[in-house]
Structures are given as C-alpha cells and as structure tokens.
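Note that this is a predicted model, so its numbers are computed, not measured. First listed ligand is number 1; within each ligand, the first listed atom is number 1.
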Amino acid sequence: MTVTASASPSLALIKYWGKLPEGVNLPASSSLAVTLEGLRTVTRVTAKSEASGGSEDVVEVEGIHRSLEPYRALLDHFRERAGRTDRVRVVSTNSFPTSAGIASSSSGFAALALALNAFYGTGLPPSDLSAVARLGSGSAARAVYGGFTVWTAGSDRAEPVLPPDHWPELRIVVAVLDTAPKPISSRAGMTRSRDTSPVYSTWLAESDRLFREGTRALEQRDIEALGEAMRASYLLMFSTMLTATPPFIYWLPASVAILREVEAMRADGIPAWETMDAGPQVKIVTTDDHVDRVRGRLLAAVPDASIIVARPGGEPEVVSSES
Ligand code: PMV
C-alpha cells in the first residue's frame, strides 16, 4: 500500500519558544499561527517488503536518509493503535528549503501524521492528529489544520480558530536569504533559553499578553495591532537566545538588512511587519495590494534573496491512497 499526504508549514505570528519541563513538547507559551498556502511538503508512506529489509523503517527527506530517532514516536504510535508491526518507507520532499527556519518540521510531521493515519487505518480525527504530530515537532500540532490556529500553553494539541477566508487579502512574503540548515536545532535552542537566559521568565509573561493582543487583532483584522504584537513576540523570543549561555543567533547580515528595509517601508506608509523563526529567513506580513511594492523593496535591499508569497490556507490532505 502507498499513501501520499501533503501539508503546509505553520508560521507563528505569536511564538512558541520553550517547553514545559514535563511531558513531550508541551509549550510553555501560547502561540497564534497561520498555515501558509503556497509552500508544501509532500510525504509518501509505502509498505516495506521483506526483500528490502522489512524489519526497519526508512525515512528519506529531500533524498537524504535520516536518523529514525525524531520519527520513532509517531511511527510507533500509529502501529500500536492499529495493533500492527509492519514497517514503512517514508519519502518526503518540500517545495521550500528544509530545516532552515521555514517550519519544514511543522509541515513534515503534519503530512507524516496524515499519511500514517491513512496507511495504518487508525481513523484519528484532526484534534488527535494534532496531539500525535506534536510528538515529532511542536509546531506540527498547528500544521494539521489550514487557516489560523492557536496552541495554548500546556496543551497537548492545537486547535483551528479562524478559516483562511477570515482574512483573504493577508499575505506572507518570505525572504529566503540562506538555505543552509540551522546551526542549532529549535529543540536544543529552546532548552538553552529556558535553562540559562535571565530574561526567559519575562518572555513567558509578556508572551501571554502578546498572545491575547495578537488574537484580538487577528479577529478584528487589524494589521497594525497584529504587526506590533508579532514584532514584540519575535524580538522577545530572540532576546532569550542572545542572553543564553552560550548565546546563539540565527540572524545573518542580510536578515538585518531586511528588518531595516521593512522598518523603512512602514515609515513610508506601507503596512508591513516582519517575524523570524529559528533561521535567518524573514517573513513579512502585509496585504495583497502591497505585495508588489514589498517584493520590489526587499529585492532592492538584498538582490540575491528569493521571495515566496504565501496566503492563509494550506489545508493538509491525503492526496492519494493505493493498495
Ligand atoms: O516545532 P519546533 O520544535 O521546530 O519549534 C518551532 C519554534 C518556532 O518556529 C521558532 C516558533 C513557532 O511557534 O513555530
């Protein structure tokens, strides 16, 4: 049997950064996110034959064999539920750079959860898929839904809050600046921030307030209020990295050039606010009527950037299932 599923990455407008000490990938802060239609992970799960070494799973991402460790919890979870022991081959590709801070792990584990659910016939509803996808990567809990999502501090699953057509003209312009994999995984970075940064508790307290402000702004489609909350969220998140021991930074000079350009755009009356994740790429939230100007100014500031324009959407789906 072969099942193919696809999912889009979940971009946090208000960030998740830091886990509770207990449980697996339980967030210490509440996040608010949008699933990005325009970027896609496609994951194929195939039955392994005895001839191809049927006793071990195999995972291949972008043509490279991966360690099974991050995938084991998901694979075992579905097998246990189904009462089966048969192993699978997983082949996954992204339409955008992998492990470079564009949330490929969110779409990757969401697509894998959907594909395994169909492959093993477990029939889990989206809410349970969210809890299981979380075992692979926290942000994947949000990527099992399209549109706008929240993941509340301490919760084992995310939930959808608003459909994509709540704000159809919203656009997310991704400036891809460097596609090398990140120097430190978000998992290791979060632990270091939590365990060593003196501003971590401030981040958590502020994050709670920003989550409420961001949610209200999203409900009211108030891009300025959303932009301000977004910016405060990612800058506070990064402040826990800069003040960790040892400190770490994902930004490149080109990232800073983009941040300055976005600030200059706002000064010129263009509604554009940026956010960043565990990588050097910058994501700019704006509206459809400003996309061309935003793209032109980003390219003038950093000519070799690649620009991807995404919109709210990205419902994950099982694309095909063949026995
Ligand atoms: O899902 P993880 O463990 O890769 O963590 C994602 C963390 C951020 O992308 C930086 C923020 C977020 O809320 O997605």
Side-chain angles (χ1 to χ4, degrees), residues 7-20 23-36 39 41 61 69-71 73-74 94 96-113 130-145 148-153 155-158 172 174 181-194 197 200 203-204 207-208 210-211 214-215 229-242 244 248-251 255 274-283 285 310 314:
S8 293
S10 166
L11 172 71
L13 304 168
I14 304 295
K15 304 296 178 187
Y16 145 60
W17 190 258
K19 302 177 201 294
L20 295 180
V24 180
N25 289 350
L26 295 176
S29 64
S30 298
S31 52
L32 171 69
V34 56
T35 306
L36 301 181
L39 293 87
T41 296
V61 180
E69 211 36 57
Y71 302 92
L74 252 84
N94 296 317
F96 57 96
T98 304
S99 299
I102 316 185
S104 60
S105 63
S106 67
S107 48
F109 283 106
L112 180 60
S130 171
V132 181
R134 180 198 101 245
L135 301 173
S137 157
S139 52
R142 301 183 310 238
V144 302
Y145 307 107
F148 300 94
T149 57
V150 300
W151 186 22
T152 311
S155 175
D156 73 344
R157 63 198 64 204
I172 299 88
V174 184
K182 57 186 89 159
I184 170 168
S185 70
S186 42
R187 184 175 299 234
M190 284 184 200
T191 304
R192 199 188 293 170
S193 284
R194 183 190 67 197
S197 167
Y200 182 73
W203 147 248
L204 288 186
S207 173
D208 196 45
L210 294 169
F211 174 74
T215 305
M230 266 172 51
R231 193 172 48 156
S233 174
Y234 91 88
L235 288 171
L236 270 164
M237 174 180 85
F238 279 99
S239 72
T240 70
M241 307 177 195
L242 296 175
F248 55 106
I249 183 158
Y250 294 103
W251 299 9
S255 320
E274 81 286 355
T275 185
M276 292 182 70
D277 292 284
Q281 334 306 346
V282 185
K283 295 98 178 189
V285 172

| request: Could you tell me how the ring of Tyr250 sits relative to the ring of Phe238: parallel (under 30°), tilted (30 to 60°) or perpendicular (over 60°)? | output: perpendicular
| query | Looking at Gly138, which atoms of ligand 1 are within less than 4.0 Å of one of its heavy atoms? | reply | 1 (O), 3 (O)
| task | Mind checking side chain to side chain donor-acceptor pair (under 3.5 Å) for Asn25 and listing every partner two or more places apart, or none if nothing turns up? | result | Lys19
| query | In chain order, what residues pass the ring pair (Phe, Tyr, Trp, His ring centres under 6.0 Å) check against Phe96, with sequence neighbours excluded? | reply | none
| message | Using a 4.0 Å cut-off to any heavy atom of Ala12, which atoms of ligand 1 qualify? | response | 12 (C), 13 (O), 14 (O)
| Test item: side-chain donor near acceptor, Arg142 and Thr35, under 3.5 Å | no
| request: Taking atom types as modelled, find out whether Ser30 and Trp151 have a side-chain donor-acceptor pair closer than 3.5 angstrom. | output: no
| query | Got an N/O contact under 3.5 Å between Ser137 and ligand 1? | reply | yes
| message | Looking only at protein heavy atoms, which one is nearest to atom 1 (O) of ligand 1, and what is the separation? | response | Ser139 OG, 2.6 Å
| request: Specify the protein heavy atom at minimum distance from atom 4 (O) of ligand 1: its residue, its atom name, and the distance to 0.1 Å. | output: Ser186 OG, 2.9 Å
| Do we see a donor-acceptor contact under 3.5 Å between the side chains of Ser105 and Ser137? | yes
| note | For Trp17, the atoms of ligand 1 under 4.0 Å from one of its heavy atoms are 10 (C)
| Atoms of ligand 1 close to Ser105 [distance to a heavy atom under 4.0 angstrom, numbered from 1] | 4 (O)
| Which residue and non-hydrogen atom of the protein lie closest to atom 11 (C) of ligand 1, and at what distance in Å? | Tyr16 O, 3.3 Å
| field | Option nearest atom 14 (O) of ligand 1 (shortest heavy-atom distance, choices Lys19, Met241, Arg142, Met190) | value | Arg142
| said: To check your reading of the model: name the closest protein heavy atom to atom 10 (C) of ligand 1, its residue, and the distance in Å. | reply: Asp277 OD1, 3.5 Å
| task | Mark yes when over 12 heavy atoms from residues, nucleotides or ligands other than Arg157 sit less than 6.0 Å from its CZ; otherwise mark no. | result | yes
